[in-house]
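Presented below is the structure to which this report refers.
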There are 2 protein chains.
Amino acid sequence: MSAAWPPRGARAAAREGEGSPVSALPASLPAGPSGVTRYLQLASVLRQRIANGHWRVGDRLPTVQQLASELGVARITVRQAYGRLAAEGLITTHRGRGTHVASTAQGRGPSPALRAAINDPLQHPPALSIRILDTQRDQALPATLHEGGSADTQYLRIRKLHLHDAQPFCLVDLYVAQREHDRFPPRAIEHAKLAGLLREHGSRPLGHLHQTMTVGAAERAQADALDYPFAAPVAHVVRRLTDVDGRIVYAGDFWYRGDRFVLDTVLPADLLFAYPLAVVPATRSET
Amino acid sequence: MSAAWPPRGARAAAREGEGSPVSALPASLPAGPSGVTRYLQLASVLRQRIANGHWRVGDRLPTVQQLASELGVARITVRQAYGRLAAEGLITTHRGRGTHVASTAQGRGPSPALRAAINDPLQHPPALSIRILDTQRDQALPATLHEGGSADTQYLRIRKLHLHDAQPFCLVDLYVAQREHDRFPPRAIEHAKLAGLLREHGSRPLGHLHQTMTVGAAERAQADALDYPFAAPVAHVVRRLTDVDGRIVYAGDFWYRGDRFVLDTVLPADLLFAYPLAVVPATRSET
DNA sequence: TATCATTTGTACGTATGTATT
DNA sequence: GAATACATACGTACAAATGAT
């Protein structure tokens, strides 16, 4: 969806020489066709290194001069990127002393609890809360969600936000077969995951869960809802759950903040060779 | 100097006025320096309206004048946003006739062949080629790849680039147990996938394939190798394959260009409820 | 205390892309 | 389409704070 990132003729000396300045960025495109300013691009890479533990709290970051010559950008560009991160509280800068990591804003990647909340189709951990943004009855299933099953006639459309420890991490736009939803206890969709509700209260046994995962840049609506920078990396998952007859009982789009997303999968080797119908993702619930 | 990060005037008007040609877009776009150009943010809002079906193929979009005065932006800004979408093939503009939706662009993205090349651990399609960048013998397995199995003593480290139709889409940095690799035919790693080689020539039956997927912004090394813009979205997959004894026979990091990545998974419902050890991704090889 | 190299902060001039009128 | 204003980004230079000599 988020249309091809402009494949600008990016190419540069790809050496990893320590200390040797690597001439770099196309050096002529200020904002470039990407439309995202250079200091913001730099900021998101630095933010990522702090989030994934490459730099830890207290570590000293490269000097402005080092980064500038390594990347082939002006010092003011690095300064703006650092300024952005400082405004977010991630780093501190002091004259003569350098730039240091002040906080990680969240440990080294998503916590095990959040990983389980994302990967386990049934479990609804206490820290997970669901904020329903909007519901509409009597909707038809969009054509893009038909694939892989036959559509029912009427769906309930639900737009909702998933939060973990009160922090939004996933924006959802999904369709549940109305006849199935009407069998649920009231307000159940706020406190349980749909796969569990359909297994518990559905009219027919379930068949398959299809997932298609892509990555992209946050569009406006997603950025606003997730409290996340525009154009920052996001994961997009399309999920479709069918019953044994191949009828789609629910299908929808899930957008995850890039810094709060991990997909875990495990594939036993015997399934691996039974391709195509093979790989097996999974997350251990705890530890 | 620079403004606070997330809390831009976030508010997403979310009404769904059916039939009224001119929709209520967010009343205004964020003011002040956001680091992202205005016309791109506007393009993002419009792109989503098309993607989620608010405007369908053939529908007429508001005139430049209408949009400009509604949003309080200059006409040229709207023109640039329309130009962007036109370049993506989403809309067409004709003098005197207006601007219309040409496509929802939903089908775009990686071809089925590329999807299979990414998702099938065994298949090596003709269009796929492997460029070995570097190999080093007698390496120890890095600590970050230990998890989920016991490490062997000596590994062959391979850095390589995967191309599809001569276009790079994946950068790989992986470790193969040396004693297993030395059983392979010469240069086999350039023409077959490792899982297949290990199944064919390995000393022990295979156990499990673990995959951990995250998203992020392209670092310089990845951007250069993949011929992709710095800080553009990438998928990062860590794969670990063990034999039946739990020994890691290969493990490595895979970085995919965001615009050339799709992960497909299928989970039979009975496995779904055997959590944790459950979900099943898969891609049909053809069609 | 004084000096020095390092590093962040500020400033000026210029060029380009963006956005408004 | 033209004129204007602004933010980004480059290069350069200098001031101020820090830590070590």
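Numbered from 1 within each chain, the chains take letters A, B, ... in sequence-line order. Here the structure is a predicted model, which is why all the values come from computation and not from measurement.
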Mind jotting down which residue pairs meet the salt bridge (Lys or Arg N to Asp or Glu O under 4.0 Å) criterion with at least one end in residues 50-64 of chain A? Sequence neighbours excluded, please.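 For residues 50-64 of chain A, and leaving out neighbouring residues, there are no salt bridge (Lys or Arg N to Asp or Glu O under 4.0 Å) pairs at all.
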For A:Arg49, all residues meeting salt bridge (Lys or Arg N to Asp or Glu O under 4.0 Å), sequence neighbours excluded: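 So A:Arg49 forms a salt bridge (Lys or Arg N to Asp or Glu O under 4.0 Å) with B:Glu219.
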Integer-rounded Å distance: [N] [atom2] and [X] [atom1]:
X: A:Leu61; N: C:dT7; atom1: CG; atom2: P; result: 13 Å
X: A:Arg84; N: D:dA7; atom1: CZ; atom2: P; result: 14 Å
X: A:Leu42; N: D:dT8; atom1: CG; atom2: P; result: 14 Å
X: A:Arg79; N: D:dC14; atom1: CZ; atom2: P; result: 18 Å

I want to check one thing: is the phosphate of C:dG9, taken as OP1 and OP2, less than 4.0 Å away from some side-chain N or O of A:Thr93?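 Checking A:Thr93 against C:dG9: at least one side-chain N or O falls below 4.0 Å of OP1 or OP2.
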Between B:Glu88 and B:Ser103, is any pair of side-chain heavy atoms under 4.5 Å apart?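 Answer no - side chains too far apart.
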According to side-chain contact (heavy atoms from CB on, under 4.5 Å), who are the partners of [X], at least two apart in sequence or on a separate chain?
X: A:Ser111; value: A:Ala113, A:Leu114, A:His164
X: B:Thr92; value: B:His94, B:His100, B:Ala102
X: B:Ala251; value: B:Leu141, B:Leu145, B:Arg240, B:Ile248
X: B:Arg79; value: B:Val64

What residues, two or more places apart in sequence or in another chain, satisfy ring pair (Phe, Tyr, Trp, His ring centres under 6.0 Å) together with B:Tyr256?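 With sequence neighbours excluded, B:Tyr256 shows a ring pair (Phe, Tyr, Trp, His ring centres under 6.0 Å) to B:Phe261, given in chain and number order.
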Where along nucleotides 15-21 of chain D does protein come under 4.0 Å, by heavy atom, of base (B) or sugar-phosphate alone (S), with - for untouched nucleotides? -BBSS--
Nucleotide N/O to protein N/O under 3.5 Å, stretch nucleotides 19-21 of chain C:
residue, atom, partner, partner atom, Å
C:dA19, OP1, B:Arg38, N, 2.2
C:dT20, OP1, B:Arg38, NE, 3.2
C:dT20, OP2, B:Ala74, N, 2.8
C:dT20, OP2, B:Thr77, OG1, 2.7

